[in-house]
Amino acid sequence: MKDHLYIAWKYLSYNKAKTATLVGCIVLIAFMPLALELLLNESERQLISRAVETPLVIGAKGSSLDLIMNTLYFGDEVPEVITMAAADRVLESDLAMPIPMYVRFTARNHPIIGTTLDYFDFRNLTLATGEPLTMLGDCILGATTAEDLELGVGDYLVSSPENLFDLAGTYPLKMKIVGVLKKSHTPDDIAVFVDLKTTWIIQGLMHGHQDLWKVEDPTLILDQSDKNITGSPKVYEYSEITEKNIDQFHYHGDPLTAPITAVIAIPFEEKSATLLRGRYLSKDEIYQIVKPEETIDTMFENIFRIKNVLDAVILVVSFGTIAALILVFALSLRLRQREIRTIFMIGCRQLTIVRLIAAEISIVIFLGAFICMVLLMVTGQYDHQLVRLLFIE
Amino acid sequence: MIKISALQFEYPSGEFRLNILNFEVNRGEKVAVIGPSGSGKTTLLNLVAGIFLPQMGSIRFGDMEVTQLSDTARRDFRITNIGFVFQDFELLDYLNVQDNILHPYRITSALQLNRQVRDRAVALAQEMGIGDKLRRQSTELSHGEKQRTAICRALLPQPKLILADEATGNLDPANKIKILDLLFRSTATHDATLLAVTHDHELLKRFDRVIDFQTFQGGKSV
């Protein structure tokens, strides 16, 4: 058998293009359904477990899927913003604890999550190093973010501008890293957590600048009365929050009008959840309240419906490919009639030809299976990222 | 060494018949078979090799009656006793020179591939002047080098009989003489018998005996 494998290998390695095509076909028909299954299982595990852990989410009316994907998994699609009044309304109801979320900005491709300290308790997130958020401009990195960006406590991270070509946009904010979370194998690993107010600073709604009452340069003042003073665009705005300038940061207007993307509502009991949901059923209601588990279940029902169609397509394609492979081997045998006749004349037994062809098929299948296995291992290694890429982003 | 008597062979299509009353080749003899195309020269080689079986008659190889052997036994007999040299060399493109020479050992259990055989293959290749080309792919060789490789492949199992079917047919005159020299020398060195079909009349004087199939046809005794 060793000699047959040797000859078969020589034949296959000499006919590289043909071998690569055959192996490629086998890899495709084996890898596609297996990888799809693997990714769906992983996405189900990742998405459902987090959805189940999150009781209710309140956000602007519109796509509930976008709202859930953004609030729970920090997806790129930002839902219409609501205000802090939504969180205040939940608090006032005395039915649930609100955790406001502002998931809109990024820092070096990692989502910046503006929230309160309650979020860390709610998700059972613990620090691997450093301290909790204490000051404006502080940030805590998820474990993967810290690994990817090679940053740690004491380093700085600059927020990315929303639009590079918006010349009137706000300056990026230089944030100080005060902590790194332990790995949780959830989307929290890839996030950058900041206090809500820090996200408003990133947006430019809250800002810090020189004390206009104390400036000596008259060109920095546009208008001045006894109580109000208006600065000119020449006024220097701080792009980093320090202990020296933190007192200069302020919010113009009512904090209840400050933007957020969602509120996670944690009902105090099951009955509270039902009551709270009931309060958002009015026709004139400007918010929607969503149970993430239901939204994700609906999404998976649709995905599995599509998967069933895909499975059927893959099955048909597989049959076609296998038929094509058989045809290729059959045609190859016809093309090799002269070679077969020669080795028969030399004295080879008929069974030897069968063995040689079997050896060739075995090597092709083995190579295909090996490559498929390697690809599946790579897919398994990056399934977290792939699920994020395919289902969340 | 080879004795054919009262042989009758007809192709299944019935378009050609070969009758041989009596045909003998002695051990160590170099016999040329000539004749027009379609006169049955190649058929004779195939019968002697046990590739074709006659409808009647006997083909003896030494003490062995070839026609009485089973299909598997005939294949084993062929690969251990007969070396084939073809007009078109019939080397395998995907093997290098060394692998082509060793090929018979890899396709049958009747021959055992070991270190001695490998060493003998190298020695044989050097004797044939292709010792420096063992790692070359067969497609990279000249016609003369290809035929030398084919002769090495035929001689390596140390066959008692070499059947050459127009082995010099595709070569230029200079190479024809060289290859025939090599074939004669190696058959002599390896104590083999040579039965060669050829169209090269200028080379016939170098054979011990020449059989003209034009006179051989029709059941005449040779």
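Letters go in sequence order (proteins before strands), and every chain restarts at 1. Quantities reported herein were computed from a predicted structural model and do not represent experimental measurements. All heavy atoms count here, side chains included; hydrogens, waters and symmetry mates do not.
- Contact annotation: the side chain of H4(A) never approaches that of I107(B) to less than 4.5 Å [non-hydrogen atoms, C-beta and beyond].
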> Would D71(B) and R349(A) count as a salt bridge (charged side-chain N to carboxylate O under 4.0 Å, His left out) if you check the C-alpha gap in whole Å, the side-chain angles of each, and the deciding distance to 0.1 Å?
Replying inline: CA-CA 9 Å; D71(B) 181 62; R349(A) 294 179 192 178; over 6 Å; no
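- Considering OH of Y14(A) and CD of Q137(B), their distance stands at 6.0 Å, rounded to 0.5 Å.
- Of the atoms belonging to T80(B), not a single heavy atom falls under 4.5 Å from chain A.
- Taking 4.5 Å as the limit, some side-chain heavy atom of D99(B) sits within range of a side-chain heavy atom of Y6(A).
- Annotation: maximal heavy-atom pairing with chain A below 4.5 Å, among I82(B), L92(B), T108(B), L91(B), occurs at L92(B).
- For F86(B), the part lying near chain A is the side chain, with the backbone staying farther off; criterion is any non-hydrogen pair under 4.5 Å.
- Only the side chain of R336(A) comes within less than 4.5 Å of a heavy atom in chain B; its backbone stays farther off.
- Using cut-offs of 30° and 60° for the angle between ring planes, the Y11(A) and Y94(B) rings count as perpendicular.
- Annotation: maximal heavy-atom pairing with chain B below 4.5 Å, among M345(A), K10(A), E339(A), R341(A), occurs at M345(A).
- With a 4.5 Å cut-off on side-chain heavy atoms, D3(A) and L113(B) count as touching.
- Contact check for I346(A) versus E90(B): no side-chain heavy atoms found under the 4.5 Å cut-off.
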